[in-house]
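Throughout, protein chains are lettered first and strands after them, A, B, ... in sequence-line order, and every chain is numbered starting at 1. If you're wondering where the values come from, they're calculated on a predicted model, not measured in any experiment.
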Amino acid sequence: MKLITHNMLTSKCIKGVLTGYPLAINATDVKVTEVDYNPDFLSRVIPKLDWEVLWTAANSIGHGEGLPKAVEPKFEENEEFLKKAHKVLLEVEVEEGYLTCPESGRQFPISKGIPNMLLTEAEVQ
Amino acid sequence: MSAVMKLKTLQGHLQELKGFAEPKIKLEQYETPPHIAAVALYTIQTQFDALDGKLVLDAGCGPGTLGLGAAIMGAGAVTAMDIDEDALEIFQENVNDMEITNIDALQCDFLSPDIFRLENYFDTVLMNPPFGTKNNSGIDMKFLQAALRLCSDSVYSLHKSSTRSHIQKKIKEWGVKGSVVAELRYDLPATYKFHKQQSRDIAVDLWRVYHPQS
């Protein structure tokens with residue numbers, strides 16, 4: 001699971017859960033794989049993100065170093081920032097661990113890099 | 001990788017992918033044949049510029065033909081979703097074999113309530129939904145509706161040509177726009193025991209469905 005994916009994930013479909021965001025990450029195995037750098041793509045995606053959640057997530061798995069806490073105006077022109085964002089969003093991957101719903105405490109296992117978000121019928125709203 | 005990759009080269013890559021080990025009838029697991037996937041992806045990129053540099057979702061990815069193909073065609077990042085653990089295992093093998101790194105997978109039910117923070121998050125949604133022929137009639141339309149909620153631009157979806165007028169009616173009902181952008185032939189091998197013939201040649205449409213403002 002990449003952090004770009006984590007940034008969008010919620011557990012709001014659990015019965016009784018209002019926002020289910022952000023999911024806490026517990027990682028036992030994190031890897032970094034090289035991904036082609038595409039500044040235009042990053043510039044379009046970054047405004048859609050919850051940056052604070054990304055910052056917290058990156059720090060919680062030990063990859064937050066040098067990542068600014070907020071996105072500056074004209075970030076598209078700051079290559080150093082974009083490269084850092086690229087790494088954190090696309091190259092860092094949680095291989096093993098679990099996600100935790102902030103409201104219900106329900107855990108979602110991450111195995112071989114894939115979070116299992118399936119719920120039983122009884123758990124769904 | 002380049003968006004102007006030749007159709008034959010793309011098809012060649014997709015032919016390398018592993019398919020379902022044991023297809024499940026309940027989930028209507030039919031593979032997207034490399035030829036169909038290659039023509040579809042090539043059309044989507046060359047006519048609509050909807051893959052290169054885009055945020056793409058492969059809904060019901062199975063072994064990942066469409067999603068991996070989108071990554072090969074230069075997608076910025078691809079998210080692949082499937083409900084089935086076994087299919088995702090093959091997907092992961094394909095990802096590793098192809099050495100594609102800008103793709104991420106989720107195990108979830110595409111038709112259950114939203115797990116995403118935002119609607120219309122993805123630029124492009126790709127899918128080859130269940131045809132809805134075996135005891136789950138209408139599932140193809142549910143996939144299409146769910147996909148529309150998640151994309152800001154267009155959904156590209158494969159459907160039996162025999163359902164064309166039904167889809168036309170549905171998209172009118174939903175207040176969205178769409179048209180068939182390619183007509184293809186799906187040579188469906190006898191995947192399951194209830195198939196009497198060795199293979200059946202089925203006409204399929206590649207639909208582009210989109211919100212009126214995009």
Side-chain angles (χ1 to χ4, degrees), chain A residues 1-15 17 19-23 31-50 53-54 86 89-95 99 101 108-121 123-125, chain B residues 1-3 49 51-57 61 64 71-93 95-96 98-124 146 150-153:
Chain A
M1 182 197 68
K2 297 176 191 290
L3 295 187
I4 188 175
T5 304
H6 169 261
N7 207 267
M8 274 301 137
L9 278 185
T10 77
S11 53
K12 66 184 173 192
C13 46
I14 298 176
K15 204 185 283 175
V17 167
T19 51
Y21 187 82
L23 301 171
K31 68 170 185 180
V32 179
T33 48
E34 203 179 306
V35 174
D36 289 344
Y37 171 65
N38 183 341
D40 294 338
F41 171 69
L42 289 165
S43 300
R44 285 201 308 116
V45 165
I46 287 169
K48 295 187 186 186
L49 303 172
D50 185 322
V53 166
L54 178 73
H86 168 76
L89 282 169
L90 297 168
E91 299 195 320
V92 173
E93 294 191 36
V94 179
E95 278 294 285
L99 300 169
C101 167
F108 301 92
I110 303 168
S111 167
K112 292 176 192 155
I114 303 178
N116 179 352
M117 303 303 292
L118 289 176
L119 295 167
T120 62
E121 244 169 70
E123 288 176 297
V124 177
Q125 302 270 16
Chain B
M1 272 178 254
S2 165
D49 193 22
L51 298 174
D52 190 24
K54 304 294 188 210
L55 190 56
V56 177
L57 173 69
C61 63
I72 293 170
M73 293 295 274
V78 179
T79 306
M81 286 162 95
D82 207 286
I83 195 168
D84 183 37
E85 196 173 337
D86 297 332
L88 285 168
E89 201 164 300
I90 298 162
F91 166 87
Q92 203 59 279
E93 276 178 44
V95 169
N96 295 339
M98 301 285 287
E99 295 181 344
I100 286 171
T101 54
N102 60 336
I103 192 162
D104 215 6
L106 288 172
Q107 188 181 359
C108 61
D109 182 354
F110 189 58
L111 300 180
S112 87
D114 252 343
I115 57 166
F116 291 107
R117 184 169 61 87
L118 296 178
E119 295 202 335
N120 314 114
Y121 169 63
F122 296 95
D123 297 314
T124 301
L150 289 176
C151 88
S152 60
D153 194 330

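Proximity to chain A is limited to the backbone of B:I103, based on heavy atoms less than 4.5 angstrom apart. If you measure heavy-atom distances from A:I110 to chain B, you find no contacts under 4.5 Å at all. Heavy-atom distances place both the backbone and the side chain of A:N116 under 4.5 Å from chain B.
Under the 4.5 Å side-chain criterion, counting only non-hydrogen atoms from C-beta, B:N102 is not in contact with A:N38. For the pair A:L118/B:I83, a side-chain contact is recorded, criterion being any heavy-atom separation below 4.5 Å from C-beta on. Side-chain contact between B:T101 and A:E34: absent, with no pair of heavy atoms (C-beta onward) separated by less than 4.5 Å. The closest side-chain heavy-atom distance from B:E89 to A:K112 is below 4.5 Å.
Pairing each heavy atom of A:K12 with each of B:F116, the nearest pair is NZ-O, 2.8 Å. Nearest heavy atom pair, residue A:I114 against residue B:A105, reads CG2-O, 3.7 Å.
A:F41 contributes atom CZ, which lies 7.5 Å from atom CG of B:D123 (distance to the nearest 0.5 angstrom). Interatomic distance, B:L150 CG to A:M8 CE, rounded to the nearest 0.5 Å: 11.0 Å. Between the OG1 atom in B:T79 and the NZ atom in A:K2 there is a gap of 9.5 Å [rounded to 0.5 Å].
For the pair B:D104 (side chain) and A:T5 (backbone), a donor-acceptor distance under 3.5 Å is absent. In this structure a side-chain-to-backbone donor-acceptor pair under 3.5 Å is present from B:R117 to A:N7.
Identified by a heavy-atom distance below 4.5 Å to chain B, the contributing residues of residues 43-50 of chain A are A:R44, A:V45, A:K48, A:L49, A:D50, in residue-number order.
With sequence neighbours excluded, the residues forming a side chain to side chain donor-acceptor pair (under 3.5 Å) with A:H86 are A:E91, listed by chain and number.
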